[in-house]
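Just so you know, ligand 1 is whichever comes first in the structure, and atom 1 is the first atom listed for that ligand. All values reported here derive from a predicted model rather than from experimental measurement. The analysis underlying the following values was restricted to heavy atoms, covering all of them including side chains, and did not include hydrogens, waters or symmetry mates.
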Amino acid sequence: MDSLIFSLHHSSPLIPSSSISLRSPACSASLSPPSSNFSFFTHRLGFAPVSRRLMAAPPPASDSKTATTNGGGGHGLFKPKIVNGDYGYVLEDVPHLTDYLPHLPTHSNPLQDNPAYSVVKQYFVDVDDTVPQRIVVHKDSPRGTHFRRAGPRQKVYFDSDEVNACIVTCGGLCPGLNTVIREIVSTLYSMYGVKKVLGIDGGYRGFYARNTINLTPKVVNDIHKRGGTILGTSRGGHDTKKIVDSIEDRGINQVYIIGGDGTQKGASVIYEEVRRRGLKVAVAGIPKTIDNDIPVIDKSFGFDTAVEEAQRAINAAHVEAESAENGIGLVKLMGRYSGFIAMYATLASRDVDCCLIPESPFYLKGEGGLFEFVEKRLKESGHMVIVVAEGAGQELLSESKSMTDASGNKLLQDVGLWLSQNIKDHMKAQKMSINLKYIDPTYMIRAIPSNASDNVYCTLLAQSCVHGAMAGYSGFTSGLRIIEKQNKVIITDRMWARLLSSTNQPSFMCPKLVAEKKKEMQTKMEAQPSGQLMDDGNTGADKKAANKEVRA
Ligand SMILES: Nc1ncnc2c1ncn2[C@@H]1O[C@H](COP(=O)(O)OP(=O)(O)OP(=O)(O)O)[C@@H](O)[C@H]1O
Ligand SMILES: O=P(O)(O)OC[C@H]1O[C@](O)(CO)[C@@H](O)[C@@H]1O
Ligand SMILES: [Mg+2]
């Protein structure tokens, strides 16, 4: 597994036009998720710039053949750091402290004296190592966008004694938060000899409204076995000026920010303010989202754990459904704007007959509708299991006054209750007696400790972030590989097709649309050289622009 780092202001192709830009100071009450504009370090776990727009100066070209260009976007304050190479190679570089503090002294990386690393062939990541954005490319396509590979650098920009780090967790809970905190503290202490790490209590507002907590390896030793975050979290309360004042007053020079899309937007504006004030402060983001809806990264930590825990609810729903005549088990899972948890939990379980997600609109009545399918399935097998993501079908629910949480995220209506009632009413009208059990394990899947694989993933992300900050990068986030767009289930993609073929549920596309799609596909196939794979719902032009990526 390799990681990457990228800029906190990750540029436009990753950000859906409907989403809110980092430039807006607070989330608006849009149905679209607030998008994150931050960049990554990657080492197939790597780092990328929190924003490639944050770069004031082009990076030194490591190769005479490369050139730097400044792309547009951002606040107009800082420009993205784009390096072009041969054969269409593009490096979306990560902001660095020396972009605005050019004369910073460097130090040898203390890691080279670490006995644990003495067996490693190469202590440090090659400065020219980068991770490609797209994994599957066509043989004729340009090399495409790359991100910095994450990992330790030979030179660091902080002396160990000088480091005064802090960690903050914001937004909703997610399995693995404590593991990330633990690993940041351990990495700073054991690899870099840092002795001052503060925990910010209760999210962003903790910077100016709460006390801090001293974090030592002893304090964090067992925390990965617990759910939640030992630091506490909150929504709302992001006041950039007050936060950066607090950073300055406390003499903090490394800020580790763990949170979702909203949090990373907050991290990006903190970075901008830090840079505007000319402070030697590294701002590093670690993306967290149980919904897996953050653009750029493939998978968020905690996702595996959540999917695994969801199995327990689905199993219960199945047992209940099987044991009753015309039993229906209905499970609602998290996923405001994307149905990844529902989709993966369904695919993993194999007991689910129908999975409803926000990306795939459905309807209840008539030919090809949900009611027809439920009746059919009950007649065939006498029971069924339905999984619904919390954001699915919101457009079908009665209009209500739009409410938002403290961060501006739209509060959704309970699609599970609504669906239960509608199925019951319909079946009653059909004089068909059913036995419906509705299970809502919402918080149970996120308030648990992370599983083994997520723990390893958390470790990689945390270490990547520390290596990046110590190496002087700032305004970046670390992640595991990257995806092209905002992370939503692509219902014309193969994974959704796998699900449809596993459940045999309707596609909820009207027959006319299906025929049109088929025709469109045929025309595309005819236009392609023989043997070429067709994968997603993009038009031919989109596909060319997307370097003919083929999703696995
Ligand atoms: N555009 C923004 N600019 C500055 N701060 C923001 C912005 N959007 C959100 N924040 C701040 O980030 C924090 C977390 O945001 P939010 O509650 O939306 O959770 P999140 O990080 O998106 O996580 P999740 O969606 O997984 O719950 C809040 O303190 C909020 O004030
Ligand atoms: O009730 P809370 O804490 O605001 O969190 C609920 C939301 O958080 C999420 O888990 C995202 O973190 C969503 O799936 C869900 O809608
Ligand atoms: Mg969010």
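- With atom 7 (C) of ligand 1 as the reference point, the heavy atom nearest to it among G260, G171, A406, G262 is part of G262.
- Taking 2.8 Å as the threshold, D261 counts as a candidate ligand of the Mg ion (ligand 3), since one of its N, O or S atoms lies below it.
- Heavy-atom distances between K288 and ligand 1 reach below 4.0 Å in at least one pair.
- Within the listing of ligand 1, atoms 23 (O), 24 (P), 27 (O) sit less than 4.0 angstrom from a heavy atom of G172.
- At least one N/O-N/O distance between S407 and ligand 1 falls below 3.5 Å.
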What short N/O contacts, under 3.5 Å, does ligand 2 make with the protein, listed by atom pair and distance?
{"from": "ligand 2", "atom 1": "1 (O)", "to": "Y443", "atom 2": "OH", "distance (Å)": "2.4"}
{"from": "ligand 2", "atom 1": "3 (O)", "to": "R446", "atom 2": "NH2", "distance (Å)": "2.7"}
{"from": "ligand 2", "atom 1": "4 (O)", "to": "R235", "atom 2": "NE", "distance (Å)": "3.0"}
{"from": "ligand 2", "atom 1": "4 (O)", "to": "R235", "atom 2": "NH2", "distance (Å)": "3.2"}
{"from": "ligand 2", "atom 1": "5 (O)", "to": "R235", "atom 2": "NH2", "distance (Å)": "3.1"}
{"from": "ligand 2", "atom 1": "5 (O)", "to": "R446", "atom 2": "NH1", "distance (Å)": "3.0"}
{"from": "ligand 2", "atom 1": "8 (O)", "to": "R235", "atom 2": "NH2", "distance (Å)": "3.3"}
{"from": "ligand 2", "atom 1": "8 (O)", "to": "R446", "atom 2": "NH1", "distance (Å)": "3.0"}
{"from": "ligand 2", "atom 1": "10 (O)", "to": "R446", "atom 2": "NH1", "distance (Å)": "3.1"}
{"from": "ligand 2", "atom 1": "14 (O)", "to": "D291", "atom 2": "OD1", "distance (Å)": "2.8"}
{"from": "ligand 2", "atom 1": "14 (O)", "to": "D291", "atom 2": "OD2", "distance (Å)": "2.9"}
{"from": "ligand 2", "atom 1": "14 (O)", "to": "E390", "atom 2": "OE2", "distance (Å)": "2.5"}
{"from": "ligand 2", "atom 1": "16 (O)", "to": "R336", "atom 2": "NE", "distance (Å)": "3.2"}
{"from": "ligand 2", "atom 1": "16 (O)", "to": "E390", "atom 2": "OE1", "distance (Å)": "3.1"}
{"from": "ligand 2", "atom 1": "16 (O)", "to": "E390", "atom 2": "OE2", "distance (Å)": "2.8"}

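- For G203, the closest heavy-atom approach to ligand 1 does not fall below 4.0 Å.
- N409 places a side-chain heavy atom less than 4.5 Å from the side chain of R235.
- Heavy-atom proximity to D261, at under 4.0 Å, picks out these atoms of ligand 1: 20 (P), 21 (O), 22 (O), 25 (O).
- The shell of residues lying under 4.0 angstrom from ligand 1, judged by heavy atoms, excludes R205.
- No side-chain heavy atom of L173 sits less than 4.5 Å from a side-chain heavy atom of Y443.
- If you look at Y344 and F303, their ring centroids are closer than 6.0 Å.
- Remark: of the listed residues K241, K280, R277, K242, R277 is the sole one forming a salt bridge (Lys or Arg N to Asp or Glu O under 4.0 Å) with E248.
- The backbone N or O of I200 sits nowhere less than 3.5 Å from a side-chain atom of T212 that would complete a donor-acceptor pair.
- In this structure, E272 and R276 have side chains that are not in contact, with every pair of non-hydrogen atoms separated by 4.5 Å or more.
- Of the N or O atoms in T263, one or more lie within a sub-3.5 Å distance of an N or O in ligand 1.
- Using a 4.5 Å heavy-atom cutoff, the side chains of I258 and T263 are not in contact.
- Looking at heavy atoms from C-beta onward, H96 lies in side-chain contact with K81 at the 4.5 angstrom threshold.
- Short contacts between ligand 1 and Y204, defined as distances under 4.0 Å to a heavy atom of the residue, involve ligand atoms 11 (C), 12 (O), 13 (C), 29 (O).
- The only option from I286, T459, T179, L460 that meets the side chain to side chain contact (heavy atoms under 4.5 Å, CB included) definition with F301 turns out to be I286.
- With Q264 contributing its side chain and G259 its backbone, the two residues share a donor-acceptor pair below 3.5 Å.
- Of the possible polar contacts, none joining the T305 side chain to the P175 backbone as a donor-acceptor pair under 3.5 Å is found.
- The N409 neighbourhood of ligand 1 comprises atoms 16 (P), 17 (O), 18 (O), with distances under 4.0 Å to a heavy atom of that residue.
- Using a 4.0 Å cut-off between heavy atoms, D405 makes no contact with ligand 1 at all.
- The shortest non-hydrogen separation linking V466 to Y256 is CA-OH, 3.5 Å.
- Short contacts between ligand 1 and K265, defined as distances under 4.0 Å to a heavy atom of the residue, involve ligand atoms 1 (N), 2 (C).
- Within ligand 1, counting atoms from 1 as listed, the ones closer than 4.0 Å to a heavy atom of R336 are 25 (O).
- Between the side chain of S478 and the main chain of L461, a donor-acceptor pair closer than 3.5 Å is present.
- Considering backbone and side-chain atoms together, C170 places no N or O closer than 3.5 Å to any N or O of ligand 1.
- Among C174, G202, G236, the residue whose heavy atom lies nearest to atom 29 (O) of ligand 1 is G236.
- Taking the side chain as every heavy atom from C-beta outward, L499 and Q505 approach each other to under 4.5 Å.
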